[in-house]
Amino acid sequence: MQGVLVTGSGKRLGAAIATHLGAKGWHVFVHYNHSREEAEATAAAITAAGGQASAIGADLADMEAVGTLISRCEAICPLGLLINNASTFEYDTAATTSAAKLDHNMRVNLYAPALLAQGFQAAVRARGGEGVIINMIDNKVFALNPDYFSYTLAKVALQGMTQMLAMAFAPHIRVAGIAPGITLISGLQTEAEFQRTHRNNPLGRGCTPEQILNAVDFILASPAYHGQTMVIDAGQVLQRLPRDIVFIDKAAHQQA
């Protein structure tokens, strides 16, 4: 059995990915920072369903903690898959950001994935094996707008890193990305607001967790898929929106 580390997998999309992979025979390392109870519950559910899982905590803003996370997993089960899913997502703009906000976003959304990828590659190659890295990016990287400034900067860099790692780690480590559009209720959105934004795209329907799980399966089942990022947003990037879709929806309905 091989292990998979899914960062930020105690709840929401990460928990869905962890549960899905647990059902497929992976030993899942359910990573958490503040969501220990949720991560332990996710791991327990995987185990109850006949799989294997371990909840494992680490603050991804702490580079010392990041530096030991791969080895802590490897001490339990050899890793064959790393999914960099965790991210920090707080609103700022180019006018309101600060060195502290930039640093925190870069640590969690870029530095941690980079160092985890480095440690994963070293561990896999030390065994003479092969592995896969999947980075969760964001569709807005492919149609930029200035909202969530620090977060977006980090995700743009993560997209670039995905391609660079694919070049550096081939042929033994495959690297790919998934860039979803709006998938789950975010922040203070109401259900009605979420449904409107979810449908505000050329197809009138948005990304779902199930589609992301399908994307993970496709990447794992496609040995020639490498260095690319799969955008799942019903073509929303083609609209080239000037602001985040949440704010466009709010403005439209305040005027109505």
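All values below come from the heavy atoms of this structure, side chains included, with hydrogens, waters and symmetry mates left out. From a predicted model like this one, the values you see are computed outputs, not experimental measurements.
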At what distance, to the nearest 0.5 angstrom, does CG of Leu81 lie from CG of Leu220? 5.5 Å
Heavy-atom pair of closest approach, residues Gly129 and His172: O-CB, 4.0 Å
When you check the side-chain N and O atoms of Lys140 and Asn145, is any donor under 3.5 Å from an acceptor? yes
Minimum-distance pair of heavy atoms, taken over all atoms of Cys77 and Gly3: SG-N, 3.5 Å
Atom pair CD/CD of Gln2 and Glu130 - distance to nearest 0.5 Å: 10.0 Å
Take Thr229 and Val141, measure what side-chain contact (heavy atoms from CB on, under 4.5 Å) needs, and give me the verdict at the end. CA-CA 11 Å; Thr229 294; Val141 166; over 6 Å; no
So how far is it from Gln159 CD to Met164 CE, rounded to the nearest 0.5 Å? 12.0 Å
Can you tell me if Asp138 and Tyr148 form a side-chain donor-acceptor pair at under 3.5 Å? no
Would you please say whether a donor-acceptor pair under 3.5 Å links the side chains of Asn84 and Asn135? yes
Honestly curious: do Val30 and Val216 fall in one hydrophobic cluster under the side-chain, below-4.5 Å linking rule? yes
Single-linkage hydrophobic cluster, 4.5 Å side-chain cutoff, Ile134 and Leu165 together: no
Once you round to the nearest 0.5 Å, how far does OG1 of Thr152 lie from CG of Asp92? 8.5 Å
Quick check on the hydrophobic clustering: are Val231 and Leu158 connected, directly or via other members, by side-chain heavy-atom contacts under 4.5 Å? yes
Measure the spacing between CD of Gln228 and OG of Ser222 and express it to the nearest 0.5 Å. 12.5 Å
Plane angle bin for Phe218 and Tyr225 - parallel if under 30°, tilted between 30 and 60°, otherwise perpendicular: perpendicular
Between atom NE2 of His20 and atom NZ of Lys24, what is the distance when rounded to the nearest 0.5 Å? 4.5 Å
List the steps and the verdict of side-chain contact (heavy atoms from CB on, under 4.5 Å) for Asp233 and Cys207. CA-CA 5 Å; Asp233 70 349; Cys207 183; 5.8 Å; no
Hey, does Asn139 have a side-chain heavy atom less than 4.5 Å from the side chain of Ile232? no
With a 4.5 Å limit on heavy-atom distance, are the side chains of Tyr32 and Thr42 in contact? no
When the aromatic ring centroids of Phe29 and His31 are compared, is their separation below 6.0 Å? no
Kindly write out the residues that satisfy side chain to side chain contact (heavy atoms under 4.5 Å, CB included) with Asp59, not counting sequence neighbours, or none if the list is empty. Asn33, Ala61, Asp62
Are Ile178 and Ile219 side-chain neighbours, meaning at least one heavy-atom pair lies under 4.5 Å? yes
Partner set under side chain to side chain contact (heavy atoms under 4.5 Å, CB included) for Thr68, not counting sequence neighbours: Ser71, Arg72
Let me check something: do Phe149 and Phe142 share a hydrophobic cluster, defined by ILVMFWY side-chain heavy atoms less than 4.5 Å apart, either directly or through other members? yes
Would you indicate whether the side-chain heavy atoms of Ile83 and Leu21 approach each other to under 4.5 Å? yes
Would a hydrophobic clustering, with Ile, Leu, Val, Met, Phe, Trp and Tyr connected at side-chain separations under 4.5 Å, put Ile137 with Ile212? no
Side chains of Met161 and Val175, heavy atoms from C-beta outward: is any pair under 4.5 Å? no
